[in-house]
Amino acid sequence: MNQKRKTTAAQQPRLLDESRAIRTSLLSDALGKGGAMDHDMRCLSANCRMAGPAVTVRVHTADILMVGITLSQCPKGSVLVIDGQGELNTALWGEVTTLAARLKGLQGVVIDGAIRDLYKIHRDKFPVFARAVVPNAGGAQYAGEINVPVQCGGAIVHPGDWIVADEDGVVVVPQERLKMVIDAARRLAIVEKKIEKEVAKGKDLATLLRYHELLDKKAKEGVLPQMRFQEK
């Protein structure tokens with residue numbers, strides 16, 4: 001029986017450094033060209049690089065009560081992932097929560113919703129990713145759920161899944177696949193560097209990547225998937 005391999009406390013500092021050093025584009029490639037949150041989950045702070053295990057919270061639309069509660073419980077080194085259900089006209093995060101999260105030692109925050117106080121946040125080195133910016137503040141009335149599977153930026157995030165972000169966006173790496181994905185991304189980085197060196201020497205990119213061979217093969221197979229059907 002296959003068992004999920006969870007990240008231990010001893011592994012976490014090393015994995016933080018390793019994953020933060022790998023671009024999200026390579027991690028997405030290693031995940032089979034997937035894993036990325038929606039394109040409008042953008043970095044709104046002075047530092048976009050973050051990595052760490054997710055602490056998740058699902059909040060009632062336009063309500064910040066559970067954001068504050070979860071922030072007080074987040075362990076150092078984690079990434080707070082807030083499922084704000086995509087509400088863009090009420091802010092769930094601002095300058096004070098950014099300060100509190102940075103002082104607690106969190107790695108960053110990802111919000112499927114809006115923030116405010118951009119004048120401060122865009123100068124802050126604490127990574128903040130969100131969909132929008134708006135002045136309106138949320139209320140503090142309703143209970144939500146902490147450390148449950150959530151949807152954030154179009155991606156499903158389970159507690160403990162690894163969140164990695166940079167200038168390109170946010171990628172979710174399932175906890176049980178973390179080591180394998182990091183290793184694959186490292187191998188891809190080596191190959192990519194070799195290709196860059198060859199292109200810099202004047203080599204043709206399509207030839208290096210064998211695109212002509214691939215095109216010939218596709219032409220022989222047929223341009224539509226159903227044309228590959230073989231009746232027995």
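Because the structure is predicted, anything quoted here is derived from the model rather than measured. Sequential numbering from 1 along the given sequence is applied to the chain's residues. FYI, side chains are in, hydrogens and waters are out, and symmetry mates aren't considered; it's all heavy atoms of this structure.
Between the side chain of Lys104 and the backbone N or O of Ser72, at least one donor-acceptor pair lies under 3.5 Å. Panel note: side chain Thr98, backbone Gly94; a donor-acceptor pair is recorded below 3.5 Å. The backbone N or O of His158 lies less than 3.5 Å from a partner atom in the side chain of Asp161, making a donor-acceptor pair. Formation of a donor-acceptor pair under 3.5 Å by the Arg58 side chain with backbone atoms of Pro149 is found in this model. Looking only at distances, no side-chain donor or acceptor of Thr90 sits under 3.5 Å from a matching main-chain atom of Asn136. Side-chain atoms of Ser28 come within 3.5 Å of backbone N or O of Gly34 as a donor-acceptor pair. The main-chain N or O of Ala51 is never found under 3.5 Å from a side-chain atom of Ser19 such that the two would form a donor-acceptor pair.
Side-chain contact check for Gln141 versus His60: every heavy-atom pair is 4.5 Å or farther apart. Leu26 has its side chain within reach of Glu192: a pair of non-hydrogen atoms, C-beta onward, lies under 4.5 Å apart. Leu106 has its side chain out of reach of Lys76: every pair of non-hydrogen atoms, C-beta onward, lies at least 4.5 Å apart. Residues Asp112 and Ile82 fail the side-chain proximity criterion, which asks for heavy atoms closer than 4.5 Å. Taking 4.5 Å as the limit, some side-chain heavy atom of Ile121 sits within range of a side-chain heavy atom of Trp93. Taking the side chain as every heavy atom from C-beta outward, Ile146 and Val148 never approach each other to under 4.5 Å. You'll find the side chain of Val55 reaches within 4.5 Å of the side chain of Thr70, heavy atoms only.
A salt bridge links Asp183 with Lys179: the closest approach of a Lys/Arg side-chain nitrogen to an acidic carboxylate oxygen falls below 4.0 angstrom. Salt-bridge formation is not detected for the pair Glu196/Lys203: no Lys NZ or Arg NE/NH1/NH2 atom is positioned less than 4.0 Å from an Asp or Glu carboxylate oxygen.
For the atom pair Leu99 CG and Asp117 CG, the distance stands at 11.5 Å (nearest 0.5 Å). In this structure, CG in Leu215 is found 14.0 Å from CZ in Arg210, a value given to the nearest 0.5 Å. Between Arg49 atom CZ and Gln107 atom CD the span is 13.5 Å, to the nearest 0.5 Å. To the nearest 0.5 Å, atom CG of residue Leu178 and atom CD1 of residue Ile182 are 4.0 Å apart. Atom SG of Cys48 is separated from atom CZ of Arg42 by 8.0 Å, given to the nearest 0.5 angstrom. Interatomic distance, Glu198 CD to Asp204 CG, rounded to the nearest 0.5 Å: 12.0 Å.
Side-chain contact annotation: Thr24 with Asp166, donor-acceptor N/O pair under 3.5 Å present.
The minimum heavy-atom distance linking Ser25 with Asp168 is given by the pair CB-OD2, 4.1 Å. Contact detail for Leu92 and Asp63: the closest heavy-atom pair is CD2-O, 3.6 Å. Ile163 and Val172 get closest at one heavy-atom pair: CD1-CG2, 4.0 Å. Closest heavy-atom contact between Thr97 and Leu71: O-CD2, 4.0 Å. Closest heavy-atom contact between Gly113 and Ala130: O-CB, 3.6 Å. The shortest non-hydrogen separation linking Tyr119 to Glu95 is OH-OE2, 2.8 Å.
Both Val109 and Val57 belong to a single network of hydrophobic side chains, linked directly or stepwise wherever heavy atoms of I, L, V, M, F, W or Y lie under 4.5 Å apart. Cluster membership for Met50 and Val150, using ILVMFWY side-chain heavy atoms within less than 4.5 angstrom, is shared. A chain of hydrophobic side-chain contacts below 4.5 Å, direct or via other Ile, Leu, Val, Met, Phe, Trp or Tyr residues, connects Val67 to Leu44. Transitive grouping of hydrophobic side chains (ILVMFWY, heavy atoms separated by less than 4.5 Å) keeps Met37 and Trp162 in distinct clusters. With hydrophobic clusters built from ILVMFWY side chains whose heavy atoms lie under 4.5 angstrom apart, Leu31 does not share a cluster with Val170.
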Before you tell me yes or no, could you show the steps for Asp83 and Val59 under side-chain contact (heavy atoms from CB on, under 4.5 Å), namely the whole-Å CA-CA distance, both residues' side-chain angles and the distance that decides it to 0.1 Å? CA-CA 6 Å; Asp83 179 358; Val59 304; over 6 Å; no
From CA spacing to verdict: side-chain contact (heavy atoms from CB on, under 4.5 Å), Val110, Val79: CA-CA 8 Å; Val110 184; Val79 173; 4.2 Å; yes
Using the side-chain contact (heavy atoms from CB on, under 4.5 Å) rule, take Val157 and Gln151 through it: C-alpha gap first, then chi angles, then the decisive distance, then the call.
CA-CA 6 Å; Val157 182; Gln151 180 168 289; over 6 Å; no
